[in-house]
Amino acid sequence: MGKADIKAIAKYFENVFEIDLGDFYHSYLEIRNRKINRIKFLDSLKDAIIRKMDEQDEK
């Protein structure tokens, strides 16, 4: 696996999407400290993609 640090990843997304992520390291620490479902946003994206594919398969 890659060895990019949080700062490099955040800066990449800021450049690609032309946005300011603000205090991204603080946000990362909040996510890291979650006890339940650390990646709930990614899980919801995964579920939405699976639903969309299932809907298309039913047509």
Side-chain angles (χ1 to χ4, degrees):
M1 289 230 138
K3 299 289 183 180
D5 64 356
I6 297 302
K7 184 176 182 178
I9 294 168
K11 292 299 179 186
Y12 174 80
F13 281 110
E14 285 181 328
N15 290 332
V16 169
F17 296 110
E18 297 179 1
I19 58 172
D20 178 15
L21 293 176
D23 189 1
F24 53 83
Y25 194 72
H26 179 75
S27 299
Y28 169 75
L29 289 177
E30 284 181 355
I31 292 168
R32 189 169 177 220
N33 287 329
R34 288 181 189 160
K35 299 297 179 201
I36 299 172
N37 200 1
R38 286 180 165 177
I39 55 169
K40 61 185 170 185
F41 177 72
L42 295 177
D43 287 340
S44 68
L45 286 177
K46 177 193 76 170
D47 293 341
I49 291 170
I50 291 171
R51 272 193 309 275
K52 182 70 172 176
M53 289 188 291
D54 289 346
E55 289 171 5
Q56 291 177 339
D57 288 345
E58 292 173 1
K59 291 182 180 180

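Just so it is clear, the structure is predicted and the values come from calculations on it, not from any experiment.
The minimum heavy-atom distance linking A10 with L21 is given by the pair O-CD1, 3.6 Å. Here the closest non-hydrogen pair linking F24 and K7 is CE1-CA, 3.7 Å.
Within 6.0 Å of CD in Q56 there are more than 12 heavy atoms belonging to other residues, nucleotides or ligands.
Separating the CD atom in E55 from the CD atom in E58 is a distance of 7.0 Å, to the nearest 0.5 Å. To the nearest 0.5 Å, atoms NZ (K11) and CD1 (I9) are separated by 13.5 Å. Distance CD1/I31 to CG/N37: 11.0 Å, rounded to 0.5 Å.
Under a hydrophobic-cluster definition in which Ile, Leu, Val, Met, Phe, Trp and Tyr are linked whenever side-chain heavy atoms come within less than 4.5 Å, directly or via other members, I6 and L42 are assigned to different clusters. Under the 4.5 Å side-chain heavy-atom criterion for grouping Ile, Leu, Val, Met, Phe, Trp and Tyr, Y12 is connected to I19 within one hydrophobic cluster.
Using the six-membered ring where Trp is involved, Y28 and Y25 have ring planes that are tilted, between 30° and 60° apart.
Among residue pairs with one or both ends in residues 31-47, none qualify as salt bridge (Lys or Arg N to Asp or Glu O under 4.0 Å); sequence neighbours excluded.
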